[in-house]
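What follows is a single structure, written as structure tokens, with notes after it.
Treat the numbers as computed from the prediction; the structure is a model and nothing was measured. A, B, ... follow the sequence lines: proteins, then strands. Residue 1 opens every chain.
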There are 2 protein chains.
Amino acid sequence: MNEADIDLLSLTAKLYYQDNLDQNAIANIIGVSRSTVSRLLARARDIGIVTISINHYAPRNLEVEEALCKYLGLQRAIVVRTFAEGNILNIRRTVGYIAAQAISEIIPNDSVVGTAGGRTIYDLVRYMQPRKTPSSAMVVQLMGNIGPRVGQIDAIEIAHTLAAKLGGVFYTMSAPVFAHDIQTRDLFLASPQVQELLRLFDRLQVALVGIGVLENSAFVERQILSPENAHELRLKGVVGEICGRFFDIDGSEVDTPYRDQVVGVSLERLIATKEVIAVTNGADRAEAICAAVRGGIVKGLVIDETGANAILEALGQKSLRTELH
Amino acid sequence: MNEADIDLLSLTAKLYYQDNLDQNAIANIIGVSRSTVSRLLARARDIGIVTISINHYAPRNLEVEEALCKYLGLQRAIVVRTFAEGNILNIRRTVGYIAAQAISEIIPNDSVVGTAGGRTIYDLVRYMQPRKTPSSAMVVQLMGNIGPRVGQIDAIEIAHTLAAKLGGVFYTMSAPVFAHDIQTRDLFLASPQVQELLRLFDRLQVALVGIGVLENSAFVERQILSPENAHELRLKGVVGEICGRFFDIDGSEVDTPYRDQVVGVSLERLIATKEVIAVTNGADRAEAICAAVRGGIVKGLVIDETGANAILEALGQKSLRTELH
DNA sequence: GGAGATTATGCACATATGTGCATGAAATTG
DNA sequence: CAATTTCATGCACATATGTGCATAATCTCC
């Protein structure tokens, strides 16, 4: 690349980005085909002759992140700025998109990663950039399947996608999340396939989990639990759920009939895992999140601004960002 | 525009310019139609959330411009950087495009501007940005028409275009550049239309002129002069031509049969005009340009780098920019 | 200096983008 | 609070842009 080339790139860039000529007009001036103009522009961006900067831009609310770490006692918080007009679907996508890069960075190439299901996790994993070089990561499904019909937001699907993005290996849990009874559960747990997963759980470094609440439960929606079941759980003190494990306000597992039917990672195992990151959104998860953190299950959080402020309010801190309406 | 709007613009800009998502993908994330994404991006650029800068970019060679002013004694020089690969057509367009803005800036809204013909002037005027508010400029055709058949690069056409760009009034010279004989010329000069032009010449503030050379003469090309005529002119010491006026190495008008047939601005008039800017390109005009400047006709110059270096070499200065080939 | 490899270019196509128009929502005025 | 205006949005179309492929130009190595 000589000086004349750089002049040409600069001229092309000026005509395009400063003077707003279209590529055809530029082609006429500098005497090349329009395709070449397109390529010259790409090159000018590439080598930094053209720099595009976005001013004052902060996709995350670092202030709130710090507050969450400080007051809630998190190791890691990712609070994604959202905008008032966004509906729930778009908020989830925005959170997923912005958090994807940060989460990808905390997953080492040789790690054992577990993942559960969830709508926000779905978007997070979906928007993750594929790793340039395949990793030796092992991606483990943390909980059994909700039903035979696999939805996009189920753990199996998400673990599969995550493995593809990381270029790693996907380990599936061939079992239902709730076995019919304790004996059946033991049969599943004793199966070689599940056994291998349980051994991987011992080496778990990063876990991505959703936070379920009874008011809006995937289990009820999928007719694994009836609304009455949910109500009973509520009465027993359940405030949230992670990987099929129901916990109370202190983050301790509640003694329910389902407790001994779950095929999936145990809360103890999650408590012993360093990076357990809850990925969620919205204000209605505040209580459950606080409980899960209190119980030592969750150490990191990915959430939207509104949800984060709800948590801070629940903690008695005033919102750090005035809500715009 | 509230803070949430700015967040949204910033996010959109990041997704588009930093992450290279297409507008559809962005629309899906932020929850608006793709059209709106297009509009958001335009707005983000508009209000400066996105800034696009072109580094190290210098469309003009200021060093050579200074040298021309210093050694040739110009008031004003615009030397446009060109690139080795460009053919003559593209060099002209580049010179025209880059010089257009600078020239436009030196034409006040209320001025009397004269223009002759020429290929480079054609491109210069063509690429000039139309003035936002119409001016009261008067644009005067400095010389008669070469023939009845009007070409794009003729004075009449260029003056017309320039008037349109400035939003001013166009004054045409209803006469041939060379009358048949001195009596005919006097008839043209006596006509009220030409008289009005002559009065405007007295008020001329800016003149854009081409520089003709006999080796590559528009008059020969248009069969107004024969190659033999051109050769005779050469023998009489003609090195160049401006507005149909042939001048020698000192920039003095040469006594030729054509001298008294020209219907157009006189050299004296041009000498008395402050901003007489020659607009041209290429190395073969060096001698003629030097002569015109020496004679006090031309005070400003628009030219390409190669042409500028040829002038400096002709002046005995070494080229200020090593030619890349 | 010539043969092969590498790079640059243009064409043609598929995709991405900008924009006039119609519609609906929000703001403003009486 | 209704009527009117203004503004924002989506649709559909025309235009602008990026890119695989074939070809031409240039470089490299012997």
Legend entry - salt bridge (charged side-chain N to carboxylate O under 4.0 Å, His left out) involving A:Arg131 - partner list, sequence neighbours excluded: none
Legend entry - Gap separating the CZ atom of B:Arg92 from the CD1 atom of A:Ile29, nearest 0.5 angstrom: 14.5 Å
Inset, instruction - Please determine, by modelled atom types, if B:Ser136 and B:Asp110 share a side-chain donor-acceptor pair under 3.5 angstrom. - result: no
Inset, instruction - Compare every heavy atom of A:Ala13 with every heavy atom of A:Ala44, then report the nearest pair and how far apart it is. - result: CB-CB, 4.4 Å
Inset, instruction - Scan side-chain atoms only and decide if A:Tyr97 and B:Asp19 contain a donor-acceptor pair under the 3.5 Å cut-off. - result: yes
Legend entry - Sequence-aligned protein contact record of nucleotides 11-23 of chain C, with B where the base is within under 4.0 Å of a protein heavy atom and S where only the sugar-phosphate is: BB---SBBBB---
